[in-house]
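Convention: sequence-line order gives letters A, B, ...; per-chain numbering from 1.
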2 protein chains.
Amino acid sequence: MKKEYSETEIKIKTAAKSLFLRKGYSATTTRDISKESDINLALLNYYFTSKKKLFEIIMLETFYDFISKMVEVYNDEKSTLEEKLKLTSSKYIDMIIAEPHLPTFVVNELKNNPSSILKILKGQIMESKLVDQYNDGVKKGVYKKIDPIHFVTNILSLIVFPFISSPIIIKMKKFNRKEFNDMMHERKKLIPQWILQMIKK
Amino acid sequence: MKKEYSETEIKIKTAAKSLFLRKGYSATTTRDISKESDINLALLNYYFTSKKKLFEIIMLETFYDFISKMVEVYNDEKSTLEEKLKLTSSKYIDMIIAEPHLPTFVVNELKNNPSSILKILKGQIMESKLVDQYNDGVKKGVYKKIDPIHFVTNILSLIVFPFISSPIIIKMKKFNRKEFNDMMHERKKLIPQWILQMIKK
DNA sequence: TTGAATTAAACAAATGTTTAATAAAAAATT
DNA sequence: AATTTTTTATTAAACATTTGTTTAATTCAA
């Protein structure tokens, strides 16, 4: 299943990913990619047929990484709901601080490539252990009875949206990048608390 | 201050806005715009000098509308904090349902045009009546003492992010567009409740 | 009659892709 | 082991479109 990539292919993919993340599909040219990866222009088509195909490969891998990080935690058998919240916040915030363009890229290029990429999602979140645990809490009367989609959506919203709107936050608070990141580190503790307060009766 | 636009200029602007919102700056061509607005290609440059200039005008207006809706409510003198939360949720959700591409457009093109557009923000949110009311609650000991930036960020996150991630939500829940919108209408009531629970001691 | 609005055509630059030639590596043959 | 052959990788150049913008001519309105 997993393709073995040559050194040159990896160089192309790395440069392409960096550029696609920063500038998006349309604003990235094949010459940009060839320059950034220091390979001849024609090799892009030689190895990946077209810019579009190359993009689809990168989009698929990136989205898969993005979702996997969530699915792994959500389906862990041992941890409690609260532990899952903490781990998700922590992992995601670290991941996005390391690659700040990731969320904008994912949500933005997503609306163009619908079904093929979204196949990855197939029930892995709404049928996760985390949602089970939430539903158990509802049954026991400790959590409010609301469609779990809100629960799942709220977690991701509180984690990811601040990054997407970082230019606004940075402007409003006169932050520099480090101060913004500190704010996000702070949220690792806060988000699990907030989510619990939101669902508790 | 406000420029008076001729009929042709409005036709161009309307078509351009629709296209920029749907496809972004780079993926929209001047010929797309001329076709959609049914005007001659050269008129775009005749009236707006360049594609870039036209985009900046539209970006500025759109972002201004987007922020104004918030600022108005946040600075209302009469309403309580809870009422402001309800009104913001309601207004924003209606606005974005009417123009679903708005949030993605704003956040995505924002990172490219930083200062000029973000000037609009100048203290209008962090120094708003809403933030005052929040700080009062903190002083009175009814709200937790956390930097109000989290408060402001969380409101926007819970309102806007679900729209941005709508392809994911629609896929996870096997929703159609109407069912997704219903979910968002449901959140008009829920978000103010959630926010209050998050800040209460 | 003058200035503004509109048009078709043209221009130059950029862009994704292909071609044809060469270099390098691997395989086959002597 | 040495040489030839074949396959693969890399390159510079070219190709056909697309794209943003301009020109020069024409129509329209004041």
Side-chain angles (χ1 to χ4, degrees), chain A residues 2-62 101 105 108-109 111-113 116-117, chain B residues 2-62 101 105 108-109 111-113 116-117:
Chain A
K2 215 204 233 155
K3 206 195 164 224
E4 207 53 56
Y5 287 110
S6 73
E7 209 175 320
T8 329
E9 284 170 298
I10 291 168
K11 272 167 73 181
I12 296 171
K13 273 184 60 191
T14 308
K17 182 174 180 182
S18 163
L19 285 163
F20 284 144
L21 277 165
R22 267 184 288 146
K23 323 211 290 168
Y25 175 77
S26 296
T28 302
T29 71
T30 52
R31 279 168 184 80
D32 284 343
I33 298 170
S34 102
K35 229 176 203 170
E36 177 114 345
S37 58
D38 205 38
I39 55 103
N40 186 281
L41 177 60
L43 288 179
L44 193 154
N45 297 81
Y46 178 75
Y47 283 114
F48 296 98
T49 312
S50 71
K51 180 191 169 191
K52 184 143 208 160
K53 284 261 171 61
L54 172 59
F55 177 79
E56 270 159 19
I57 290 169
I58 287 167
M59 182 71 202
L60 208 76
E61 285 186 9
T62 307
H101 295 291
F105 172 75
N108 202 54
E109 308 292 349
K111 65 177 184 216
N112 306 324
N113 295 46
S116 64
I117 286 163
Chain B
K2 213 205 235 155
K3 203 191 166 226
E4 207 53 55
Y5 287 110
S6 73
E7 207 177 320
T8 330
E9 286 171 296
I10 290 168
K11 271 168 74 180
I12 295 171
K13 275 184 58 191
T14 308
K17 181 174 180 181
S18 163
L19 284 163
F20 284 144
L21 278 165
R22 266 183 288 144
K23 321 210 289 168
Y25 176 76
S26 295
T28 302
T29 71
T30 51
R31 279 168 183 82
D32 284 343
I33 298 170
S34 102
K35 228 174 203 173
E36 179 113 344
S37 58
D38 205 37
I39 55 101
N40 185 280
L41 177 60
L43 288 179
L44 193 154
N45 297 82
Y46 178 75
Y47 283 114
F48 296 98
T49 313
S50 70
K51 180 191 167 190
K52 183 143 209 162
K53 283 262 171 58
L54 173 59
F55 177 79
E56 269 159 20
I57 291 168
I58 288 167
M59 183 69 202
L60 208 75
E61 286 185 11
T62 307
H101 295 292
F105 172 75
N108 202 55
E109 308 293 348
K111 64 176 185 216
N112 306 323
N113 295 46
S116 64
I117 287 163

Handout entry: B/Phe20 CZ - D/dG20 C1' separation (whole Å)
Key = 12 Å

Problem - Gap between atoms CD1 and P, on B/Ile39 and D/dT21 respectively (whole Å) - result: 13 Å

Handout entry: Atom-to-atom span, CG of A/Leu44 to C1' of C/dT19 - whole angstrom
Key = 17 Å

Problem - Atom-pair distance (CZ on A/Arg31; C1' on C/dG16), nearest Å - result: 7 Å

Problem - Sugar-phosphate, base or nothing in reach of B/Leu41, heavy atoms under 4.0 Å - result: base

Fill in the blank from the handout: Rounded to whole Å, the CG-P distance (A/Leu19 to C/dG16) equals 12 Å

Exercise for the section: Please state how far atom NZ in B/Lys11 lies from atom P in C/dA5, giving the value in whole angstrom units. Expected result: 14 Å

Exercise for the section: Please report the closest heavy-atom contact between B/Leu41 and B/Ser34, naming both atoms and the distance. Expected result: CA-CB, 3.8 Å

Practice task
Identify whether any heavy atom of A/Ser6 sits under 4.0 Å from a base atom; if not, whether one sits that close to sugar-phosphate; answer base, sugar-phosphate or nothing.
Solution key: nothing

Practice task
Tell me, please, whether B/Tyr25 has B/Lys51 positioned over its six-membered ring: NZ or CZ under 6.0 Å from the ring centre and within 45 degrees of its axis?
Solution key: yes

Problem - Below 4.0 Å: OP1/OP2 of D/dG20 and any side-chain N or O of B/Thr30 - result: yes

Completion exercise
Looking only at C/dG16, D/dT23, D/dT19, the nucleotide nearest the B/Ala42 side chain is D/dT23

Exercise for the section: Figure out the NZ/C1' separation between A/Lys52 and C/dT15, and round it to whole Å. Expected result: 15 Å

Handout entry: NZ/NE/NH1/NH2 to OD/OE distance under 4.0 Å, A/Arg22 and A/Glu36
Key = yes

Handout entry: A/Asn45 vs C/dG16: side-chain N/O to OP1/OP2 distance below 4.0 Å
Key = no

Handout entry: B/Tyr46 side chain near C/dA5 phosphate (N/O to OP1/OP2, under 4.0 Å)
Key = yes

Completion exercise
Minimal heavy-atom distance between B/Ile33 and B/Ser37, with the atoms involved, is O-OG, 2.7 Å

Exercise for the section: Please check the phosphate of C/dA4 (OP1 and OP2 only) for any side-chain N or O of B/Tyr47 closer than 4.0 Å. Expected result: no

Practice task
Scan B/Thr28 against the nucleic acid and name what it touches under 4.0 Å (heavy atoms): base, sugar-phosphate only, or nothing.
Solution key: sugar-phosphate

Exercise for the section: Kindly state whether the ring of A/Phe20 and the ring of A/Phe55 have centres lying under 6.0 angstrom apart. Expected result: yes

Exercise for the section: Could you tell me whether the phosphate oxygens of D/dA9, OP1 or OP2, come under 4.0 Å of any side-chain nitrogen or oxygen in A/Asn40? Expected result: no

Exercise for the section: Please determine if a side-chain N or O atom of A/Thr8 lies less than 4.0 Å away from the OP1 or OP2 oxygen of D/dT10. Expected result: yes

Fill in the blank from the handout: Whole-Å distance, A/Tyr5 OH to D/dT8 P, equals 19 Å

